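The structure presented is a predicted model; accordingly, all values stated were derived computationally and were not measured.
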Amino acid sequence: MLNQSVSSETKAYLAGFLDADGSIYVRLKPNRTYRYGYQVAPYIVFFQSSKSRQKFESLCARIGLGGMRIRKDGIMEYTIGRKESIETFLSCVGPYLFLKKEQAGILLEILRQKPLVKNECDFESLMKLVDSFRELNYSKKRKKRILTP
């Protein structure tokens, strides 16, 4: 499992892999069972062709913080989605990120603010922070979100 004792070289490699073939994002999933109608779902995802399956599986096993799946199009995805795992991963590789450094910072801020939400105004602020990923990431679905009573 990835921790602070991992070499700087490995941390830098993982950061470069994430910068090039990965994604950092947060989704607001509509869900009526949540207090404000949305579930805040953070993710770090690595992508790789299944042609390199053995090497990719080995790398993912070294990270040890998420789960892997193979899509129908032959692309493998390794997803880190638990709050604690995301924080662990970013504490190790965050300093080495270049292209996705800003996304990592916003994601950590979202994770810090989420438990502090006490009212609709707090949740609106959190939603705006989540929506700020649209300016940094390519997104096919650009929707303006508003809270529904």
Below 4.5 Å, heavy atoms only, C-beta onward: do [X] and [Y] meet side chain to side chain?
X	Y	result
Q113	V117	no
E77	R71	yes
L28	M127	yes
Y78	V45	no
V40	F123	yes
R27	Y43	yes
L126	K114	yes

With the 4.5 Å side-chain cut-off for hydrophobic clustering, are [X] and [Y] part of the same group?
X	Y	answer
Y34	I110	no
L107	F98	no
I24	L99	no
Y96	L65	no
I70	F17	yes

Worksheet entry | Any side-chain donor near an acceptor of the partner, T10 and S7, under 3.5 Å |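 A donor-acceptor contact under 3.5 Å links the two side chains.
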
Taking [Y]'s backbone N and O only, do any of them form a donor-acceptor pair with [X]'s side chain (distance below 3.5 Å, no angle check)?
X	Y	result
T79	G81	no
S50	G74	yes
K100	G94	no

To check you understand the geometry: which heavy-atom pair defines the closest contact between [X] and [Y], and what is its length?
X	Y	result
L116	D122	O-OD2, 3.6 Å
Q48	S52	NE2-OG, 3.8 Å
C60	M68	SG-SD, 4.4 Å
L18	S23	CD1-N, 3.7 Å
M76	R53	CE-CA, 3.5 Å
A15	V93	CB-O, 3.7 Å

Atom [atom1] of [X] and atom [atom2] of [Y]: how far apart are they, to the nearest 0.5 Å?
X	Y	atom1	atom2	value
S125	E120	OG	CD	11.0 Å
S91	I86	OG	CD1	12.0 Å
R69	I75	CZ	CD1	11.0 Å

Does atom [atom1] ([X]) have a neighbourhood of more than 12 heavy atoms from anything else shown, all under 6.0 Å?
X	atom1	answer
E57	CD	yes
Q54	CD	no
R112	CZ	yes

Discussion item. One thing to verify: whether E87 and K83 come together as a salt bridge, which I'm taking to mean a side-chain N less than 4.0 angstrom from a carboxylate O.
Written reply: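 Answer for the salt bridge query: yes.
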
Discussion item. Using the rule side-chain contact (heavy atoms from CB on, under 4.5 Å), only one of L90, T88, I44 pairs with I80; which is it?
Written reply: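 The side-chain contact (heavy atoms from CB on, under 4.5 Å) with I80 is passed solely by I44 among L90, T88, I44.
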
Practice prompt. Identify which one of L59, V6, D19 satisfies the side-chain contact (heavy atoms from CB on, under 4.5 Å) criterion when paired with L14.
Written response: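 Testing L14 for a side-chain contact (heavy atoms from CB on, under 4.5 Å) against L59, V6, D19 leaves exactly one candidate, L59.
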
Worksheet item: Looking at the rings of F89 and F46, which for Trp means the six-membered one, are their centres under 6.0 Å apart?
Response: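 Centroid distance F89-F46: below 6.0 Å, so yes.
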
